[in-house]
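Take a look at the structure below.
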Amino acid sequence: MRNSQWLRYGLASMTIFGAGLSAFVVACGDDDSPPPGSSTSSTSSSTSSSSTSTSSSSSSTGGTDQDAEPDPIPAKLQLVNAITDLGPGAANASGALRICYQITSGATKIFAPGLPPLPNRVRGAQPFPGLFLGTGGPVDTTGADLSTLEVTPYIISAGKLEAIGLGKDVKANQDKTCADIFNDDAGGTLEPNVDYWVLPPVPAGQLEQKKSYLLILTGCPGDSTLGDKCGAGFTAGTPGLGNLKITKLELDNTTAVAANSIGVQFAHASPNGSAVIQNIVGEGVRPAIVSEDADAASAKPLGADANTNLDFQAITALKQVEGVAFATDKLTANPKAPNLAVGFGQIESLTTGAVPPTGNLYANGKAYTFIALGDPTASPTAGDPPSFNFRFFHYLGLPNDPTISKFDPDK
């Protein structure tokens, strides 16, 4: 994979947010510290359905240039790991996962040829390859048209793959493919609903050419002990799919953004966020951009109606906001909760791993989607020395029109 497409986190020493949001935790109550591995949530490479593509881009079959059919322009996909938990197994403690894709075209159902569980390489300070809890980003493609395929995601415990020798020690071009793994291990080394989970399929026609999508993975497997924090539809019980799911949200990548404005969409992916904010300020998620002092009076609402709460797993329409001071202004899930306001530089650090942030990721004239995820009642830091806990409430900010690279088995 090209480094430019796989998020590079070197967060072992990251301590941002510690002072800013910890006061909010006091108001909400506390939670257990995260399991080992989540605080270094490095290189959460997004590994989503764009990799589901099963073949390289279509090309003409003979004929002259005039006869050639144009290559498809596949959907651009970005994936965020907003799960609450991955189950009680020791290998699942970090919440890190890797993904395989089973594709269906007509009566044919196969794993995407040539693809290993993704992400397949360690980045930054990662202990092993994986899309770590609380992180996300753009996904490599193979160039195929996803709009004609039904895609069934298999999410696999990255810790389990590391434990059986399919993790950090695998060299370039020596990966075991998903087809090989499940042909060899189905019913064997990998135990269904303990080491991997088969999610509901994304039907054909859902990932249209030229469009940009945010795929948000949320929920808990059936044997999670986190109860209500897993979100709606969860019932504690035996190992099973629980309420694990991928929600597809379309990003606006066509509206021209004015040179003096930033285009903003806001996605709500924190199952415990609405209830906690409601308990503190009497209303739920009402995203806005606020001034440096996080004064509610300065709020520039991002929703269509400043008095309307945003539903969990929903996204606002694109709004163009003038006069944002990126060095000092902040994003918040609710302007009445000042401790939830976070500067754009800090969001950049969590999104890209740049510590300190470069300060040039967000700019006028372009569109971005900011995602609220994590649990406001969790500890904001964990580990020794303490670093940011990606189980805690935070934001990621991703471009609406990301640059997508092709999957390369030699990297």
Side-chain angles (χ1 to χ4, degrees), residues 1-6 45-63 65 67-80 97-121 131 136-156 172-173 175-183 198-217 246-251 253-254 398-411:
M1 313 276 161
R2 299 182 183 179
N3 286 353
S4 63
Q5 291 310 301
W6 294 81
S45 17
S46 37
T47 113
S48 138
S49 312
S50 146
S51 321
T52 47
S53 41
T54 136
S55 60
S56 51
S57 38
S58 319
S59 59
S60 59
T61 55
D65 289 344
D67 297 328
E69 294 181 3
D71 287 346
I73 302 176
K76 293 186 174 185
L77 305 178
Q78 301 182 87
L79 180 70
V80 169
L97 54 89
R98 294 169 66 181
I99 300 186
C100 286
Y101 307 96
Q102 191 176 65
I103 56 174
T104 303
S105 180
T108 302
K109 180 176 290 188
I110 60 173
F111 282 99
L115 290 182
L118 300 173
N120 61 333
R121 296 288 177 264
L131 176 62
V139 181
D140 283 358
T141 181
T142 62
D145 179 8
L146 302 178
S147 66
T148 63
L149 303 173
E150 177 184 270
V151 179
T152 301
Y154 281 51
I155 63 170
I156 311 168
N173 217 3
D175 295 282
K176 198 169 186 179
T177 68
C178 294
D180 290 339
I181 288 172
F182 284 100
N183 286 340
V198 183
L199 302 185
V202 179
Q206 293 293 302
L207 300 173
E208 299 180 48
Q209 288 189 40
K210 301 181 182 180
K211 292 192 174 182
S212 181
Y213 297 99
L214 179 66
L215 305 176
I216 300 180
L217 176 62
I246 284 181
T247 298
K248 175 181 69 72
L249 301 174
E250 184 175 342
L251 307 184
N253 65 341
T254 59
L398 300 172
N400 279 21
D401 191 23
T403 299
I404 304 292
S405 294
K406 278 197 174 184
F407 171 77
D408 185 348
D410 292 324
K411 294 183 179 179

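The shortest side-chain heavy-atom distance between I216 and I246 does not fall under the 4.5 Å cut-off. For the pair L214 and T247, the minimum side-chain heavy-atom distance is 4.5 Å or more. Under the 4.5 Å side-chain criterion, counting only non-hydrogen atoms from C-beta, L207 is not in contact with K76. For the pair S105 and T148, the minimum side-chain heavy-atom distance is 4.5 Å or more. Side-chain contact check for I99 versus L118: every heavy-atom pair is 4.5 Å or farther apart. For the pair E208 and Y213, the minimum side-chain heavy-atom distance is below 4.5 Å. Using a 4.5 Å heavy-atom cutoff, the side chains of I181 and P117 are in contact.
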- Please lay out, stage by stage, how T152 and V198 fare under the test side chain to side chain contact (heavy atoms under 4.5 Å, CB included). CA-CA 7 Å; T152 301; V198 183; 3.6 Å; yes
- Message: side chain to side chain donor-acceptor pair (under 3.5 Å), that's the test. Do N253 and N400 meet it? Break it down for me.
- Response: CA-CA 5 Å; N253 65 341; N400 279 21; over 6 Å; no
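Classification of K210 and D401 as a salt-bridged pair fails, no side-chain N sitting under 4.0 Å from a carboxylate O.
Across every non-hydrogen atom of F182 and C100, the tightest pair is CE1-SG, 4.1 Å. For G143 against T141, the heavy-atom pair with the smallest separation is N-OG1, 2.9 Å. Listed here is the closest heavy atom pair of P116 and D175: CB-CB, 3.6 Å. The two residues K411 and R121 make their nearest non-hydrogen contact at O-NE, 3.1 Å. Scanning all heavy atoms of the two residues, the minimum distance from P399 to Q78 falls at O-NE2, 2.8 Å. Across D145 and Q209, no two heavy atoms sit closer than the pair OD2-NE2, 2.9 Å.
The CG atom of L131 lies 8.0 Å from the CG atom of L217; values are rounded to the nearest 0.5 Å. A distance of 9.5 Å separates SG of C178 from CG of N120, quoted to the nearest 0.5 Å. Taking CG of L146 as the reference point, atom CD1 of I103 lies at 9.0 Å (rounded to 0.5 Å).
In this pair, F111 and Y154 present their aromatic rings perpendicular. The plane angle is above 60°, beyond the 30 to 60° band.
The side-chain contact (heavy atoms from CB on, under 4.5 Å) search around T104 returns K109, E150, not counting sequence neighbours.
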